[in-house]
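Below is one structure; the comments refer to it alone.
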Amino acid sequence: MRPAPTILHLDMDAFYASAEQAAKPSLRGKAVVVGGLGPRGVVATASYEARRLGVHSAMPTAQARRLAPNAAYLVPRFSLYRTVSDQVMELLGRLSPLVEPLSLDEAFVDLEAGGTADDSASARATGEGLRAAIRAVTGLSGSVGLAGSKMLAKIASEEAKPDGLLVIEPGTERELLAPMSVRILPGVGPATGDHLRRAGMTTVHDLAEAGEAELVRLVGKAHGHGLFRMALGLDDRPVVAERDAKSVSVEDTFDVDLHDRVRVRAEVERLAVRCVERLRAADRSGRTVVLKVRRYDFSTLTRSETLRGPTDDPIVVREAAGRLLESVDTTGGVRLLGVGVTGLADYTQEDLFAQAADARELAQRALEHHAPTAEGGEEEAVPEAEADSAEQLAARRWPAGHDVHHEEHGHGWVQGSGIGRVTVRFEEPWSAPGRVLTFRIDDPLLRPADPLPLVRESPDYSSWPASLPKSRSSGAGSSEGGESSP
C-alpha cells in the first residue's frame, strides 16, 4: 500500500454506447443498446438511459428488447472504438511509462512512476486534468479512481460513475469498504458470494470480522488468505506496463444452427483468417491452433494442434483448423464456432511456410467460390444450399448503426434494413439531428463508409501534462478525500 493515492484507474463511461451517442446526434439522451442483434445476440454495452430501464451488459438482446422496446439497437463498430481507445491510451501514456490496459476502455496508471503526482492534491489535479483532456480529444467522459492500490483505485472509479472522480485517502480504506457488498472485491463472483452469504457474510466488514482462519476454512487457503487481505484494504500488486497476451481468438454465434458440413468448414476458414488478422495486428505469431465448437445441445468441444514453431500464415492456421474440424461430429447442428492461436511469440518460424505449400492450391480453389462482403475485403464461402435470404444479406451488408455515404446526401448511418430496403439517417457527430431517407439495398449511390471522428477539430495536447500543478504538502487536499467530483 502506498502512502499517497498515486495509482489511477480510468474507466470510460458506457464506452460503446457513449461513442455511438457522440457520433449520432439524434441518439443523444436516448436509450442505446450495442451488441448482437440476432435471436442469440448479447448486449455488449447499454447507455445509462437504457440501464435505467433494466438493460445491462451480457443480457440476451431479446430480453433487452422486451425491457426497452424503443431503444436504438446497434451493431458494434470496433474500428471506431479502437480509434478512440488509442487516443485515450496516448493521453494516459503522457502521464506515466507504467500504463496497464485492461480493455479498450479501462486502464491503470502509476502516476508516481511518471512524476505527475506524489500526494493527494497533485493526484486529484492530474485526475481532473485527464478527464478534461479525454473529453476535449474524444468528446466522451471517463470516471477516475485514485488510491494507494489497484484494487481500491478500481473500486473508486466504479463508485465515481458516471463522469466523476473519487480519491480514497490512505488510512480510510477499511472505513470505506466496511459497508460494501462482498461482491465488490476482485475474485468474488456469484458462486463465492452466495457461499459467503450462506455463512452469514454479506459485507466486507463481515469478512474482516470473521478472520483469516474462518475464510480459509470456507473458501480454501489461497483464496481465503487473499480475501482477508482485500477485506482489510491491502493490495500490493504493481501496475504492469506490458500485459502479455496468452492467446488470440475469434468466435461467432449463429442465429440458426449450421447443419451443412461445407458451410461449417467455410465458417471455420473465415474465422481462421480473422484470427490471423488479429495476430498480425498485435505483431505476434503462435504455435498452437485451437478450434472451439458448440453444438446444438450446448455441448462444447475444443480441439488443438501444435505446429513445429510459431506462425502467422493464414494458410497454415486455416488448414490446421480444418484438420481439427474433421475430428468433430457436427451432424446435429452447430451454434458457435471459434478459432484461436496460443503459444504466442514475437517472431515467426520461417520454415513453417513450407507446411502450407501443399494446401495452397486447395485453398485457392475454395477462395474462387467466395462471395465478397459489404466491405469488399474479407471473403466467405456461402454454399447455394444454405444461401442467405435477401433480408439476411441486407442486414449483413447494412448493419444497424454502421456508417454509409450517399453521393447526393453525404454521410449517414443505417437505422435498419429489410424487404429490399435500407433506411439511413444523414447526420454527422457535429451536426444537428439529420433527416431519414430510405433506399433500395442495391442503390448504386449508397456505399459503406468509415466512421467519422467524434471531435471535428481535436485540441493540441502535445505539451500536456507539463502544466499540471504538483504538490508535496502531505496535508493538501486530505480533507476532500473520498468525495466525488461531478
Checking the side chain of Lys154 only, and the main-chain atoms of Leu8 only, is there a donor and an acceptor separated by less than 3.5 Å? no

Would you call Glu319 and Arg323 a salt bridge, using N to O less than 4.0 angstrom? no

Has Asp450 got more than 12 heavy atoms of other residues, nucleotides or ligands less than 6.0 Å from its CG? no

Distance-only, no hydrogens or angles: does the Ser96 side chain make a donor-acceptor pair with backbone N or O of Ala113 under 3.5 Å? no

Between the side chain of Glu173 and the main-chain N/O of Gly171, is any donor-acceptor distance below 3.5 Å? yes

Check: Val334 and Val293 side chains under 4.5 Å, non-hydrogen atoms: yes

Please state whether the rings of Phe78 and Tyr16 are parallel, tilted or perpendicular, taking 30° and 60° as the class boundaries. perpendicular

Worked verdict on Ser143 versus Asp13 for side chain to side chain donor-acceptor pair (under 3.5 Å): CA-CA 7 Å; Ser143 295; Asp13 299 323; 2.8 Å; yes

Side chains of Ser122 and Asp119: does their closest heavy-atom pair fall under 4.5 Å? yes

Around atom CD of Glu175, are there more than 12 heavy atoms from other residues, nucleotides or ligands closer than 6.0 Å? no

Given the options Arg274, Arg40, Lys292, Arg335, Asp252 meets salt bridge (charged side-chain N to carboxylate O under 4.0 Å, His left out) only with Arg274

In short, Arg135 meets Ser141 closest at the heavy-atom pair NH2-CB, 3.1 Å

Is there a side chain to side chain contact (heavy atoms under 4.5 Å, CB included) between Glu20 and Trp413 once you walk through the steps? CA-CA 11 Å; Glu20 296 297 346; Trp413 58 277; over 6 Å; no

Side chain to side chain donor-acceptor pair (under 3.5 Å), that's the test. Do Thr83 and Asp86 meet it? Break it down for me. CA-CA 5 Å; Thr83 297; Asp86 289 344; 5.7 Å; no

How many angstroms lie between OH in Tyr296 and CG in Leu258, if you round to the nearest 0.5 Å? 15.0 Å

Determine whether Asp206 and Val182 satisfy the following criterion, side chain to side chain contact (heavy atoms under 4.5 Å, CB included), listing intermediate values before the conclusion. CA-CA 9 Å; Asp206 295 335; Val182 295; 5.8 Å; no

I would like to know whether Leu291 and Val339 meet side chain to side chain contact (heavy atoms under 4.5 Å, CB included); could you show each step before the answer? CA-CA 5 Å; Leu291 174 70; Val339 175; 4.2 Å; yes

Without swapping roles, check the side chain of Arg318 against the backbone of Val273 for a donor-acceptor pair under 3.5 Å. no

Please test Ile168 against Glu159 for side chain to side chain contact (heavy atoms under 4.5 Å, CB included), starting from the C-alpha separation and ending with a verdict. CA-CA 11 Å; Ile168 298 179; Glu159 292 295 303; over 6 Å; no

Nearest non-hydrogen partners of Lys30 and Gln21, listed with the distance: O-NE2, 2.9 Å

In terms of heavy-atom contacts, Pro465 and Thr116 come closest through CG-CG2, 4.1 Å

How close do Arg261 and Val328 get, counting heavy atoms only, and between which atoms? NH1-O, 3.0 Å

Considering all heavy atoms, the nearest Val239-Leu98 contact: CG1-O, 3.6 Å

Donor-acceptor check, side chain of Tyr73 to backbone of Ala64, threshold 3.5 angstrom: yes or no? yes

Do Val75 and Leu37 come within less than 4.5 Å of each other through their side chains, counting heavy atoms only? yes

Does Leu152 reach the side chain of Asp235, with side-chain heavy atoms less than 4.5 Å apart? no

Check for a donor-acceptor pair, side chain of Thr61 on one end and backbone N or O of Gly36 on the other, with a separation under 3.5 Å. yes

Quick one, Tyr81 and Val34 - any side-chain contact, counting heavy atoms below 4.5 Å? yes

Okay, side chain of Arg278, backbone of Ser249: is any donor-acceptor separation there less than 3.5 Å? yes

In the structure I gave you, are the side-chain heavy atoms of Gln87 and Leu140 within less than 4.5 Å of one another anywhere? no

Closer than 3.5 angstrom, by distance alone: can the side chain of Thr203 be matched with the main-chain N or O of Ser181 as a donor-acceptor pair? no

Between Ala321 and Val268, what is the shortest heavy-atom contact and its length? CB-CG1, 3.6 Å

Is there a donor-acceptor pair closer than 3.5 Å between any side-chain N or O of Ser299 and the backbone N or O of Arg295? no

Taking Lys150 for its side chain and Pro238 for its backbone only, find out whether a donor-acceptor pair lies under 3.5 Å. yes

Taking the side chain as everything from C-beta on, heavy atoms only, tell me whether Val43 gets closer than 4.5 Å to His56. no

Looking only at side chains, do Arg287 and Thr306 share a donor and an acceptor under 3.5 Å apart? no

Below 4.5 Å, heavy atoms only, C-beta onward: do Arg82 and Leu104 meet side chain to side chain? yes

